[in-house]
Peer 1: 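Please find one structure pasted underneath; my questions will follow.
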Amino acid sequence: MLKIRKLYVNIKNKIILKNINLNIKKREIHILMGPNGSGKSTLSYVITRKPNYNIVKGDIILNNKIINKLSPDKISKLGIFLSFQNPIEIEGINMLKYLKYLNNNITYKKIKEYCNLLNIDINKLSRFFNSGFSGGEKKKNEILQLLILKPKLIILDEIDSGLDIDTINIIFRILNNYFLKKKCSIIIITHNTNIVKYINPNKVHIINKGKITFTGNKEVINKIVKYGYNNYK
Amino acid sequence: MYLIHNKIKYYKNFNINIIFINNYLKEIYCINKEIKIECIKNESIIYIKIINIKKENVSINLLLNYNYFNFVNIFKINKLKIIIGKYINILLIEKYNLYGLNLLFNYNIIKILIKDKSNLKYLKNKNNKIFSLNKIYIYQIRSKVDIYDLDIYDLNSINYITIKNLSDNCINNIYGIYILNNNQFLKNKFYYINKYNNCKNYQKFIGIFNDYSKIKLKGVIFIKKRTRNNISYQHFINYILSNNVYINVKPYLNIYSNNVKCSHGVNMGKIDNNIIYYLLSRGISKLKSKTLYFLSILYNDIKDKNILYLIKNKIKNKIKECLVKKK
Ligand SMILES: Nc1ncnc2c1ncn2[C@@H]1O[C@H](COP(=O)(O)OP(=O)(O)OP(=O)(O)O)[C@@H](O)[C@H]1O
Ligand SMILES: [Mg+2]
């Protein structure tokens with residue numbers, strides 16, 4: 001599904017990611033862990049082609065097509081979805097109307113169904129986009145959009161930070177029961193070492209100072225719990 | 001003129017329709033029993049007095065329904081004076097209908113006196129086929145006025161808006177939305193004159209300019225010596241989308257009182273690229289993302305739902321038109 005080949009990325013003339021290689025197949029779950037500031041969010045931004053996140057070298061390949069030069073909206077149309085670590089607020093845009101922009105055919109009934117699933121108070125959707133929503137509520141709104149957009153490759157940047165245990169359960173249930181059944185691929189960026197209780201990853205990558213320093217199976221998480229990231233420099 | 005008269009539309013959702021044909025007053029329809037209307041007209045000016053018969057507050061929608069047919073006398077100026085009595089909440093909207101005309105030059109002078117405990121919301125409106133020169137004078141006595149000044153049409157216009165307080169405790173807000181493209185030219189002048197105490201004045205102007213559009217904005221605030229507890233806020237925010245835009249924005253502050261809270265500024269609006277990226281990343285096209293972005297900026301300040309409902313589609317279409325790249 002998604003391949004990243006020898007990718008170097010700079011922001012404002014500073015190299016942030018170095019020689020990143022990834023290969024995520026259909027229906028695979030990859031976990032990305034690493035210290036703060038190691039480049040996890042940067043990688044998610046560069047995949048979704050955020051402006052000013054410049055590819056110096058290397059390729060991002062989706063279904064055998066190089067997508068380096070596409071714009072974020074085109075990337076989304078190809079089925080990649082990024083759930084943001086810090087979802088933004090947009091004053092002046094009504095939530096419900098916004099959701100219509102994502103998919104004009106989405107019915108109120110369907111939105112209501114998704115809200116029930118996520119335990120979102122639908123009345124709050126008459127507010128401005130994410131305005132006055134709590135951190136956790138904003139994350140739920142990301143998943144609401146995920147449900148509406150139904151992408152093929154899902155990148156979740158710290159979806160589980162700041163969420164209560166019930167909400168984490170709900171979200172991973174949705175991922176397991178819905179998106180994996182639909183053969184989606186998922187990249188989960190997390191600091192949560194209990195992640196394997198909720199989802200069963202095919203691979204775990206550790207990124208440190210802009211480099212992937214380890215790729216292997218989920219056993220590595222136990223080692224990180226014991227020894228930290230020191231062995232993966 | 002009588003033959004074509006039956007073409008004229010009445011707008012049922014307005015309690016009062018004041019109908020003009022070629023700038024002559026034709027008829028006044030009032031379906032509100034709590035309101036009395038007195039009218040005096042002569043060749044040069046029309047006086048309309050709106051009186052609340054009851055002692056309690058009454059809410060009305062008033063439409064200034066202007067209709068123009070092919071034989072407009074361009075020298076006929078529309079001079080109108082409206083006196084709004086006490087305890088009236090009034091939504092005043094202008095609507096222009098052109099019949100068999102492709103273009104119109106129009107000169108309007110409107111004076112409004114608004115009295116105690118009344119509340120005016122005034123939506124200044126135009127039409128894509130009208131070149132216009134508008135002069136508006138608002139005199140306030142212990143009342144509140146919100147003016148929505150919209151310039152999102154295709155043709156040039158010149159507007160003067162003067163607000164003068166005639167008592168203490170007046171509140172007024174002017175909210176200007178200007179979206180210009182092509183060779184459009186807009187010249188607006190605002191005067192706020194206050195010689196009393198405890199008055200609030202809030203002015204916010206947001207402009208989006210593209211192509212070779214030209215804009216001149218002048219905002220004058222006058223606050224008299226030894227007045228107390230006045231607040232005045234004036235802010236221009238301009239988004240410039242082309243290097244060929246000519247823009248001239250000048251605030252003039254003539255504040256002679258020491259006891260006043262006042263702030264003013266002119267800012268170049270900067271597009272928040274993080275928001276645009278967020279919208280794009282959800283598959284919303286570039287044009288739609290930018291449109292949404294500008295709508296969010298404009299809508300955020302319009303607190304009145306009725307007004308928003310009336311103008312949102314027009315604004316949206318104009319923004320889209322303004323953002324589409326010319327070939
Ligand atoms: N726009 C930017 N300008 C300059 N430096 C940036 C920019 N964005 C990211 N960086 C730098 O790139 C590095 C990686 O940041 P990134 O946000 O990807 O870290 P992260 O692994 O997601 O961290 P965290 O776990 O704290 O979310 C950091 O050193 C950060 O300061
Ligand atoms: Mg991060």
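Naming convention: chains lettered A, B, ... in sequence-line order (proteins, then strands); numbering from 1 in each chain. Heavy atoms only: backbone and side chains are in, while hydrogens, waters and symmetry mates are out.
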Peer 1: Taking salt bridge (charged side-chain N to carboxylate O under 4.0 Å, His left out) as the test, write out the residues that go with A/K110, two or more places apart.
Peer 2: A/E113
Peer 1: Quick one: list whatever passes side chain to side chain donor-acceptor pair (under 3.5 Å) with A/E28, sequence neighbours left out.
Peer 2: A/H30
Peer 1: For A/N64, look at atom CG and say whether over 12 heavy atoms of other residues, nucleotides or ligands are found less than 6.0 Å away.
Peer 2: no
Peer 1: Considering only heavy atoms and a distance below 4.5 Å, find which of B/I297, B/I284, B/I275, B/L292 pairs most often with chain A.
Peer 2: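 Maximum pair count with chain A is reached by B/L292.
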Peer 1: Tell me, with the steps shown, if A/M1 and A/L62 meet side-chain contact (heavy atoms from CB on, under 4.5 Å).
Peer 2: CA-CA 6 Å; A/M1 171 116 219; A/L62 186 74; 4.1 Å; yes
Peer 1: Nearest 0.5 angstrom please: A/F81 CZ to A/I154 CD1, how far?
Peer 2: 8.0 Å
Peer 1: Would you mind telling me which of A/L149, A/I75, A/I148 has the largest number of heavy-atom pairs within less than 4.5 Å of chain B?
Peer 2: A/L149
Peer 1: Applying salt bridge (charged side-chain N to carboxylate O under 4.0 Å, His left out), name anything that partners A/R27, two or more places apart in sequence or on another chain.
Peer 2: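 Per chain and number, A/R27 pairs via salt bridge (charged side-chain N to carboxylate O under 4.0 Å, His left out) with no residue.
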Peer 1: Begin with the C-alpha distance, continue with both residues' side-chain angles, and end with the deciding distance and a verdict on side-chain contact (heavy atoms from CB on, under 4.5 Å) for A/N36 and A/H191.
Peer 2: CA-CA 9 Å; A/N36 295 126; A/H191 290 295; 3.4 Å; yes
Peer 1: With a 4.5 angstrom heavy-atom cut-off, which part of B/L298 approaches chain A: side chain, backbone, both or neither?
Peer 2: neither
Peer 1: Give the atom names and distances for all donor-acceptor pairs closer than 3.5 Å across chain A and chain B.
Peer 2:
residue : atom : partner : partner atom : Å
A/T48   : OG1  : B/Y277  : OH           : 2.6
A/K50   : NZ   : B/N274  : OD1          : 3.2
A/D73   : N    : B/L280  : O            : 3.4
A/S76   : OG   : B/G283  : N            : 3.0
A/K77   : NZ   : B/G283  : O            : 2.9
A/L82   : O    : B/R282  : NH2          : 2.5
A/E142  : OE1  : B/R282  : NH2          : 2.8
A/E142  : OE2  : B/Y278  : OH           : 2.3
A/E142  : OE2  : B/R282  : NH1          : 3.3
A/Q145  : OE1  : B/R282  : NH1          : 2.7
A/Q145  : NE2  : B/Y278  : OH           : 3.1

Peer 1: When rounded to the nearest 0.5 angstrom, what distance separates CG in A/N23 from CD1 in A/I4?
Peer 2: 10.0 Å
Peer 1: Of the backbone (N, CA, C, O) and the side chain (C-beta and beyond), which part of A/I93 lies under 4.5 Å from a heavy atom of chain B, both, or neither?
Peer 2: both
Peer 1: For each of A/I88, A/L78, A/L102, tally heavy-atom pairs with chain B at distances under 4.5 Å, and name the one with the top tally.
Peer 2: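 It is A/I88.
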